[in-house]
Structure formats: C-alpha cells, structure tokens
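Counting starts at 1 for both ligands and their atoms, in listed order.
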Amino acid sequence: MKKIVANFKMNKTNNEVKDYIMKLLPKYEKDKAEIVLCVPFTAITLSKFLLDGTGINIGAQNICDEDDGKSTGEICGSMIKNCGADYVIVGHSERRVKFKENGRIINKKIKLALKNRLKVILCIGETLAEKNTLKTNEVIKTQLEDALKGLYENELDNIVIAYEPIWAIGTGKTPLAKEIENTVKVIRKVVADDFSDKAGEKIEVLYGGSVDVKNIASFSKIKNINGMLVGGASLDADNFSQIIKNIR
Ligand code: 13P
C-alpha cells in the first residue's frame, strides 16, 4: 500500500485541525493508502484523540537534537511520542535553510527519534542551482550519508526517505517522472552500498514537492517510489481526500 504523508507545516490552530479531521474522516477510504498527518506540535494530542482507531497516523514536524531538559522552547522525542505521534519529519529543507540544520544535527535528531520509537521521515533534496549544475546525485549522496551515519541496517525499517527537490516545494514546478525515477535509483543505490542490496530495495522512498490533485495519478505511476509527501495541497480536507482517492 502507498503512503501519503501530509505536512501541515506551520498552519492550523487546534480548532482548524478539528474541523479538518471532521471533514476528512467521512471521505477517507481506509484501504487506499497509509496516511500520516504531520500536524504542528500543538495539535498532536488533539489529533491523536480524534483519530484513534481510524488507522490514520500522526507525525510531528521536528524533534530536538538534545534529550536533556536544558533546551528552553524545544520538544524532545519522548514528549512527541507520549502525545501520540508515531512519526517525525527530520531534515526538511525549510529547517535546513532557516534553522541552519546540517548533516550532523540531522543525524543526531534521527538517532533520538529512533531511540524514542518514532519513525523518521527524512527529507533530502537539491536546490535549483545544484540541479542546473548537475550536482543532484552528489547532494543526495552527501545528505543521505550524513543523515544515516552510524545507524544499523535494521533501523532503516523505521526510516522513510522523502525526496523533495527544494525548487519544487510550493512552486508548482515538478521534476519529470523520469528524473524522479533516476534520483530515487540513486537513493536506493546509496543505501545499498552503505548497508546492503536488500536494504536498498526495501527502504521506503516518497516524492514531495508540488504534489496536488492533478498530478497525483501520474506521480503514482512512478515504479520505484512508495508514496508522496504533500504540503500545500494537504491543507484542505476535500483536496487531500481527492489526492488519497487518486493514488494508484
Ligand atoms: P508542497 O507540497 O506545498 O510543495 O510542499 C512540499 C513539502 O515541503 C512537504 O514537506
């Protein structure tokens, strides 16, 4: 079954999350896809309460890279887990750019997420300048190797890689299906070389960046991906339920 992850980013108050879930639930077809809603920290507990037993999972969008209490304003893995989330997004480009998260920090966050039994949605992707100078494969390899450094192969069962070209996020521009397929091949090869052939085949890889109702059907034909990470188009419950309906 394909996975569809919604990333609400810094959107929706708790009232808005409640309205959204109430609208989504009657339209949501359980057997179509595995759904993860990555809501703001403030809405995790409420989402868990409203979604319990529906099969829809909840994710956070960030995790602190420290586990001790001396990090004012941050939220650590045990808190996220205890609120009812099962997933956490790590390494989103908005955090890499705005909050200066580098490979070392992302690697620490992944380890702390796994320690707290959270599944990781690891985002990687190149800028437009990197794409135009044919550096995509190199960037992907470096980001992946930095993020996965020191992990055991069995821990990859709890990691989903989301390929999100930065130039495709929120722009309405998307790579060609062939380009996505080629980059995903590179991702799987890096995992195969660093862990094992089996790990390279098995790891779940999603595509993200301007996925919407119109392009979901064609994206879902790409053979080597396991699903999508959806930002803007996930914010409206009708829209998102249509996306779920159209996944193949
Ligand atoms: P958009 O779907 O709005 O392009 O955002 C993608 C994204 O950043 C999801 O994490």
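Atoms of ligand 1 found under 4.0 Å from any heavy atom of G232, numbered from 1 in the order shown, are 1 (P), 2 (O), 3 (O). Counting the atoms of ligand 1 from 1 in the order shown, those under 4.0 Å from a heavy atom of G209 are 4 (O). Atoms of ligand 1 found under 4.0 Å from any heavy atom of K9, numbered from 1 in the order shown, are 5 (O), 7 (C), 8 (O).
The only option from K185, K131, K173 that meets the salt bridge (charged side-chain N to carboxylate O under 4.0 Å, His left out) definition with E179 turns out to be K131.
Aromatic ring orientation, Y20 versus F8: perpendicular (interplanar angle above 60°, classes split at 30° and 60°).
Here the protein heavy atom with the shortest distance to atom 8 (O) of ligand 1 is H92 NE2, 2.8 Å. Of the protein's non-hydrogen atoms, G231 N, 2.9 Å is the one closest to atom 2 (O) of ligand 1.
In terms of polar-atom proximity, L229 is not counted as a contact of ligand 1, lacking any N or O under 3.5 Å from an N or O of the ligand. Considering backbone and side-chain N/O of E164, one or more are found under 3.5 Å from N/O of ligand 1.
A heavy-atom separation below 4.0 Å is found between A168 and ligand 1. Contact analysis puts G170 in contact with ligand 1, with a non-hydrogen atom separation below 4.0 angstrom. Judged by the shortest distance from any of its heavy atoms, S210 lies inside the 4.0 Å radius around the atoms of ligand 1.
Residues N7 and S234 are not in side-chain contact: their nearest non-hydrogen atoms beyond the backbone lie 4.5 Å or more apart.
Nearest approach of R188 to E201, heavy atoms of both residues: NH1-O, 3.1 Å. For the pair V5 and C38, the tightest heavy-atom approach, listed with the atom from each and the gap, is CG1-SG, 3.7 Å.
A donor-acceptor contact shorter than 3.5 Å is absent between the side chain of S241 and the backbone of L24.
Screening residues 133-186 for ring-ring contact (aromatic ring centres under 6.0 Å, His included), with sequence neighbours left out, gives no hits.
Listed by chain and number, the residues in a side chain to side chain contact (heavy atoms under 4.5 Å, CB included) with K202 are D157 (sequence neighbours excluded).
Heavy atoms from both the backbone and the side chain of I169 come within less than 4.0 Å of ligand 1.
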